[in-house]
Trainee: 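Provided herewith is a single structure, encoded as structure tokens, for subsequent inquiry.
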Amino acid sequence: MLTDIEIAQAAKMKNISEIAAGLGFTNEEIEPYGHYKAKITEEAISRIKGNKDGKLILVTAVNPTPAGEGKTTVSIGLGEAMEKIGKNAIVALREPSLGPVFGIKGGAAGGGYSQVVPMEDINLHFTGDMHAITSANNLMCAMLDNSIQQGNELNIDPRQVLVKRCLDMNDRALRNIINSLGGKLNGVPREDHFIITVASEVMAILCLAEDVFDLKRRLGNILVAYTYDGEPVYCRDIKANGAMTVLLKDAIKPNLVQTLENTPAIMHGGPFANIAHGCNSIRATKTALKLADYTITEAGFGSDLGAEKFLDIKCRFAGLKPDCIVLVSTVRSMKYNGGMAKEDLKYTQDFDALAKGSQNLVKHIENLKKYGVPVVVAINNFNEDTDEETAFVEKLCKEHGAEFAVTKCFKDGGEGGKELAHKVVEACEKESNFRYIYDIDAPVYEKIETIAKEIYGADGVDYTKEAKQAIDGFIKLGADKMPVCIAKTQYSLSDNPKLLGRPENFRITITSASLSNGAGFLVCLAGNVMTMPGLSKSPSAYRIDIDENGNTVGLF
């Protein structure tokens, strides 16, 4: 089989104006970035606001394993499969970050014959959104340090600066730095830190803003520092939010591309799901809902992270109500969760490991059913999967009230997702009694406890002294009325990445907390979550190159 990039480079793409016309847009209602990608204009979004919403399908997954689950591949393949069975569908996805692209994961535009294209553009600079977010965030940081340097009229305590500079790249050397060295003219020296762009609050805000004016308001609400007297300082106080909004005025417009089979796709925003809410922008999802009968969107990592935050944060802010949830898993991920070594997954049939590891899938099914939405399990098929293993998983899913379908989108594109498409259409016709897992007016500690017990399966929550002190301070600033965004490892339902399967008899520990005041949620950190990743010993960047014909190679 060809590599992902070879498949993408051989794709027969339609001009983006043709894709836009199929959605009812005129040439004046899109802003092309070359022949195959475009921004959707404010005028177009405004014109379609009166259209009836289509059905909303959320695609999520079990806890990720080294074997890979293929959530984005299934999302794209499902959109293509909907078209194959005669349904009008659109895909709404997140934008890739350069960090994973050049790090371990590689590209994030699907895989095999289930991709969004132009794959190279999407995985690299795309329409410049990531660069704009990086620039806006770093402008805020520069203006804050300048405020301290130019007389410190706001009485900012340099030891209590909260916002961090960012870069859309994995670079461990920038995690902890000292800035402003070299004398008085270079500023007030202090400890500083870099985070990856997709972990920034500016990214989260872009994805939650309703329009450019809401964007400006939210940016102004970012808590940037405290004064020597312990009073909060906001982004609007350092007069940065106006200029930041100007930098983001194009980035806030959703991006239009297509799949390998020319199904329309909107890709916009991409906050990490183990730090922020892990979903594409509200604007992208709402726009997609106005353009097609079925909108397929995804949330990052497993359902304990991305889906929980999609349902409890994004849906709450945007007034969205999903009609169906697709839960992606694989036979080999279940065997891995059951204790089988990665190198044995392909060729070893072990029903003890499968049965034990399948309890991870069961817990995710139970979690999602608590939201009152029909659940369909999609088993992403691999050649080594046996009929007996697949039959075991199908029986298990049905015993726990979830529909089941095998998908072969990676190998067969939309054709390989037709079984799933039929099951999703049937599920969308069922009654969806969507509800949140916690009441927004519940006390903060009760919200945290509810997520830990109901979603993770924990016995309870412990707090470090520093975390409790921080949360109590944020409650005084209004965080008691906000959703809670728990940042933890994606590899386990618990806060310990080594506890695979369905852990029991454990508690989680909140080690620190921060207030994403502009985004509108309280972030509680459980365990050690890296906000600035580093490159591995053999990063993907080693294999990405230009060949003698000027073609990109090694991007996967």
Side-chain angles (χ1 to χ4, degrees), residues 133-167 174-181 184-197 199-206 208 215-245 247-248 271 275-276 444 464-480 482 485 487 511-525 531-532:
I133 293 165
T134 302
S135 297
N137 181 90
N138 293 343
L139 172 64
M140 170 179 63
C141 294
M143 291 180 71
L144 187 147
D145 279 317
N146 189 57
S147 180
I148 297 172
Q149 170 74 358
Q150 303 293 350
N152 201 6
E153 182 181 337
L154 296 173
N155 198 32
I156 295 169
D157 184 351
R159 300 164 301 176
Q160 296 193 77
V161 171
L162 303 177
V163 290
K164 302 175 177 67
R165 287 170 168 82
C166 70
L167 185 72
L174 294 177
R175 287 174 187 161
N176 302 292
I177 64 170
I178 302 294
N179 67 16
S180 302
L181 297 178
K184 188 175 181 181
L185 290 177
N186 294 315
V188 178
R190 64 179 179 86
E191 181 181 351
D192 203 359
H193 314 270
F194 270 77
I195 58 176
I196 193 165
T197 298
S200 68
E201 186 178 354
V202 176
M203 168 62 86
I205 287 173
L206 183 89
L208 293 172
L215 175 68
K216 179 181 176 181
R217 179 187 64 82
R218 287 175 176 272
L219 292 171
N221 287 339
I222 295 175
L223 180 63
V224 297
Y226 286 102
T227 68
Y228 283 106
D229 300 321
E231 294 299 314
V233 180
Y234 297 99
C235 185
R236 59 179 177 269
D237 297 326
I238 60 171
K239 300 181 175 67
N241 58 317
M244 292 168 70
T245 304
L247 280 173
L248 295 169
I275 296 295
V444 166
T464 64
K465 180 181 177 181
E466 294 78 12
K468 191 169 188 315
Q469 189 175 33
I471 292 170
D472 289 343
F474 295 140
I475 288 172
K476 293 177 182 177
L477 296 179
D480 55 325
M482 292 182 179
C485 180
T511 55
S512 62
S514 61
L515 182 61
S516 290
N517 194 61
F521 51 73
L522 175 67
V523 179
C524 295
L525 187 67
T531 57
M532 171 50 87

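Numbers here are sequence positions counted from 1. Everything numeric in this text was worked out from a predicted model, so none of it was measured.
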Trainee: In Å and rounded to the nearest 0.5 Å, what is the CZ to CD1 distance from Arg190 to Ile177?
Mentor: 8.5 Å
Trainee: Which atom names give the shortest non-hydrogen contact between Ile222 and Met140, and what distance separates them?
Mentor: CD1-SD, 3.9 Å
Trainee: Under 4.5 Å between any side-chain heavy atoms of Ser180 and Val188, yes or no?
Mentor: no
Trainee: Are Tyr228 and Asn155 side-chain neighbours, meaning at least one heavy-atom pair lies under 4.5 Å?
Mentor: yes
Trainee: Minimum heavy-atom separation for Leu167 and Thr134, please, with both atom names.
Mentor: CA-CG2, 4.3 Å
Trainee: Between Ile205 and Leu215, is any pair of side-chain heavy atoms under 4.5 Å apart?
Mentor: yes
Trainee: Judged by atom type as modelled, is there a donor-acceptor pair below 3.5 Å linking the side chain of Gln160 to the main-chain atoms of Gly230?
Mentor: no
Trainee: Above 12 or not: heavy atoms from other molecules or residues under 6.0 Å from CD of Gln469?
Mentor: no
Trainee: Is any side-chain heavy atom of Cys166 closer than 4.5 Å to one of Met203?
Mentor: no
Trainee: Could you pull out the closest heavy-atom pair between Cys485 and Phe521, with the gap in Å?
Mentor: CB-CD1, 3.6 Å
Trainee: Rounded to the nearest 0.5 Å, how far does CG of Asn241 lie from NZ of Lys216?
Mentor: 6.0 Å
Trainee: Are the charged groups of Lys468 and Asp472 less than 4.0 angstrom apart, N to O?
Mentor: yes
Trainee: Under 3.5 Å, is there a donor-acceptor pair between the side chain of His193 and the main chain of Asn176?
Mentor: no
Trainee: Between Asp237 and Val224, is any pair of side-chain heavy atoms under 4.5 Å apart?
Mentor: no
Trainee: Is a side-chain donor or acceptor of Ser147 paired with a backbone partner of Met143 at a separation under 3.5 angstrom?
Mentor: no
Trainee: Kindly indicate, with the supporting measurements, whether the criterion side-chain contact (heavy atoms from CB on, under 4.5 Å) is fulfilled by Ser514 and Leu162.
Mentor: CA-CA 9 Å; Ser514 61; Leu162 303 177; over 6 Å; no
Trainee: Output yes when a side-chain donor or acceptor of Asp229 lies under 3.5 Å from a complementary backbone atom of Glu231, and no otherwise.
Mentor: no
Trainee: A side-chain contact here means heavy atoms from C-beta on lying under 4.5 Å apart; do Thr464 and Ser512 qualify?
Mentor: no
Trainee: Check whether any side-chain heavy atom of Asp145 sits under 4.5 Å from a side-chain heavy atom of Arg165, and report yes or no.
Mentor: yes
Trainee: Which atoms form the tightest heavy-atom contact between Cys524 and Ile471, and what is the distance?
Mentor: SG-CD1, 4.1 Å
Trainee: Looking at every non-hydrogen atom in both residues, tell me the closest pair between Pro158 and Ile148 and how far apart they are.
Mentor: CG-CG2, 4.3 Å
Trainee: Say you draw a straight line from CG of Asn137 to CG of Leu206; how long is it, rounded to the nearest 0.5 Å?
Mentor: 12.0 Å
Trainee: Once rounded to the nearest 0.5 Å, what's the spacing between atom OG1 of Thr245 and atom CZ of Arg218?
Mentor: 12.5 Å
Trainee: Taking Leu525's backbone N and O only, do any of them form a donor-acceptor pair with Thr511's side chain (distance below 3.5 Å, no angle check)?
Mentor: yes
Trainee: Looking only at atom types and distance, does a side-chain atom of Asp192 sit under 3.5 Å from a main-chain N or O of Lys164, one as donor and one as acceptor?
Mentor: no
Trainee: Are the side chain of Asn221 and the backbone N or O of Asn517 linked by a donor-acceptor pair below 3.5 Å?
Mentor: no
Trainee: Ignoring hydrogens, what is the shortest heavy-atom contact between Ala243 and Leu139? Give both atom names and the distance.
Mentor: CB-CD2, 3.7 Å
Trainee: When you measure from the side chain of Glu191 to the backbone N and O of Arg159, does any donor-acceptor pair fall under 3.5 Å?
Mentor: no
Trainee: Assess the residue pair Thr227 and Leu154 against the criterion (side-chain contact (heavy atoms from CB on, under 4.5 Å)); give the C-alpha distance rounded to whole Å, side-chain angles, the decisive distance to 0.1 Å, and a yes or no.
Mentor: CA-CA 7 Å; Thr227 68; Leu154 296 173; 5.6 Å; no
Trainee: Hey, is CG on Leu185 packed in by over 12 heavy atoms from elsewhere, all under 6.0 Å?
Mentor: no
Trainee: Indicate yes or no: at least one non-hydrogen side-chain atom of Leu219 is less than 4.5 angstrom from one of Val202.
Mentor: yes
